Amino acid sequence: MLTGSDFPERVETPRLAVRRFVDADAPRVLSILSRLDVIRWLDNPPFVPMADLDAARAWVVRVNAREAEDPLQAWRALEVRETGVMAGTVLVSRMERIDGGFVGEYELGWHLHPDSAGHGYATEGAAAHARSAFAAGHASLVIGMYPDNAPSAAVARRLGAEDLGEVPDDPWYGGVSRHFTLRPEHLDATEVRE
Ligand SMILES: CC(C)(COP(=O)(O)OP(=O)(O)OC[C@H]1O[C@@H](n2cnc3c(N)ncnc32)[C@H](O)[C@@H]1OP(=O)(O)O)[C@@H](O)C(=O)NCCC(=O)NCCS
């Protein structure tokens, strides 16, 4: 299927398939994005849990459509190959500046269902997705998070990303954030298995 994307539809790592979302993922998407303990880390408040299966189906359609709008962004499901369980999401997404619009910046992000945390899936999937992003032409990716999001900072560190520390005025989300930047040479210098 043609997606108009610069990202591959599917990449396999030793344990994961990093693949496009499909309609059948909707129940699991709902199970992940209806949880406050996940969504409270993903954006600014108010944190609104996903309401129902229709909203999850619409989310799948929406994230897949974003690649057609801009082929340098892509959302991918992390599927555990051995079990078929969809563990979570990795994404490369356009970032709009609060006061400057879009100036060519993209973020790398991730979230897991809590039942799939603690296995290294976020790091393994994000490394593969970042490699796809660099192959598609990205020179660097921004990784941003709430300053107290220790599990997310640990993922960034495991990828070898450069820690830029706390930023008082996040230009994309506002407020205080912790930023990392990831470039191809960082991944080359890490021992993340893919
Ligand atoms: C951020 C988030 C994805 C991190 O999840 P995570 O499971 O800690 O990260 P990974 O999948 O890379 O797993 C790493 C953990 O698995 C462990 N692990 C176990 N088996 C492993 C294996 N075979 N290979 C690698 N790591 C393994 C690691 O030791 C590590 O645990 P530790 O932190 O206790 O040392 C998760 O906490 C989450 O989804 N949070 C909510 C959403 C969120 O905050 N998203 C980011 C917004 S900026």
Side-chain angles (χ1 to χ4, degrees), residues 11-19 21 25 28-50 56 59 63 73-96 105-133 140-168 170-182 186-187 189-194:
V11 171
E12 293 198 347
T13 69
R15 296 182 297 171
L16 301 172
V18 183
R19 58 148 179 86
F21 282 94
D25 293 319
R28 185 69 169 167
V29 166
L30 176 61
S31 174
I32 297 171
L33 294 179
S34 60
R35 304 181 63 103
L36 268 179
D37 56 347
V38 173
I39 64 171
R40 65 137 296 192
W41 300 104
L42 303 184
D43 210 334
N44 287 322
F47 308 117
V48 182
M50 187 173 269
W59 185 92
V63 298
Q73 60 181 354
W75 273 250
R76 290 290 180 269
L78 302 177
E79 180 181 314
V80 181
R81 289 165 57 195
E82 193 177 18
T83 60
V85 169
M86 202 273 272
T89 300
V90 288
L91 59 93
V92 169
S93 173
R94 287 165 73 102
M95 300 173 88
E96 306 273 340
E105 296 155 319
Y106 293 79
E107 69 176 328
L108 175 66
W110 42 70
H111 55 264
L112 296 178
H113 193 293
D115 71 13
S116 298
H119 299 281
Y121 296 148
T123 304
E124 189 171 318
H129 200 47
R131 283 197 194 286
S132 296
S140 67
L141 296 166
V142 175
I143 303 169
M145 63 199 67
Y146 283 102
D148 57 344
N149 194 340
S152 196
V155 174
R157 273 198 304 274
R158 281 192 290 271
L159 293 173
E162 182 183 348
D163 189 349
L164 304 176
E166 283 193 23
V167 180
D170 184 311
W172 305 285
Y173 289 92
V176 183
S177 293
R178 182 166 184 190
H179 285 161
F180 290 77
T181 186
L182 185 69
H186 297 143
L187 282 182
T190 62
E191 293 175 10
V192 178
R193 296 180 322 165
E194 284 172 72

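Note that ligands are numbered from 1 as they come in the structure, with each ligand's atoms numbered from 1 the same way. All values derive from a computational prediction rather than experimental measurement.
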(request) State whether the side chain of Arg15 and the backbone N or O of His119 hold a donor-acceptor pair below 3.5 Å, judged by distance alone. (result) yes

(message) Quick check: closest heavy atoms across Ile32 and Val38, and the distance to 0.1 Å?
(response) O-CB, 3.8 Å

(message) Quick one: does any side-chain atom of Asn44 pair with a main-chain N or O of Tyr173 as donor and acceptor, under 3.5 Å?
(response) yes

(request) Kindly indicate whether the side chain of His129, heavy atoms from C-beta on, has any atom under 4.5 Å from the side chain of Leu78. (result) no

(request) Ignoring angles and geometry beyond distance, decide whether Met145 reaches within less than 3.5 Å of ligand 1 through its nitrogen or oxygen atoms. (result) no

(request) Compare every heavy atom of Ala156 with every heavy atom of Trp110, then report the nearest pair and how far apart it is. (result) CZ2-N, 4.0 Å

(message) Between ligand 1 and Asp37, is the shortest N or O to N or O distance under 3.5 Å?
(response) no

(message) Out of Ser152, Gly120, Ala150, Ala126, who is nearest to atom 10 (P) of ligand 1 when you count heavy atoms only?
(response) Gly120

(message) Measuring from non-hydrogen atoms of Gly118 to any atom of ligand 1, is the shortest distance under 4.0 Å?
(response) yes

(message) With heavy-atom distances below 4.0 Å as the criterion, list the atoms of ligand 1 near Trp41.
(response) 41 (C), 43 (C), 44 (O), 47 (C)

(message) Heavy atom to atom 27 (C) of ligand 1, shortest distance: which of Arg15, His119, Arg40, His111 holds it?
(response) His119

(message) As an exercise, identify every atom of ligand 1 less than 4.0 angstrom from a heavy atom of Ala117.
(response) 7 (O)

(message) As an exercise, identify every atom of ligand 1 less than 4.0 angstrom from a heavy atom of Gly144.
(response) 48 (S)

(message) Any non-hydrogen side-chain atom of Asp25 less than 4.5 Å from a side-chain atom of Arg19?
(response) yes

(message) Using heavy-atom distances only, which candidate in Glu124, Arg35, Arg157, Arg158 approaches atom 14 (C) of ligand 1 most closely?
(response) Arg158

(request) Could you list which atoms of ligand 1 come closer than 4.0 Å to a heavy atom of Val155? (result) 4 (C), 9 (O), 12 (O)

(request) Could you tell me which residues satisfy ring-ring contact (aromatic ring centres under 6.0 Å, His included) with His179, sequence neighbours excluded, listed by chain and number? (result) Trp172

(request) Could you pull out all residues at least two apart from Ser31 that satisfy side-chain contact (heavy atoms from CB on, under 4.5 Å)? (result) His113

(request) Measure Ile143 to ligand 1 on non-hydrogen atoms and call it side chain, backbone, both or neither using the 4.0 Å cut-off. (result) neither

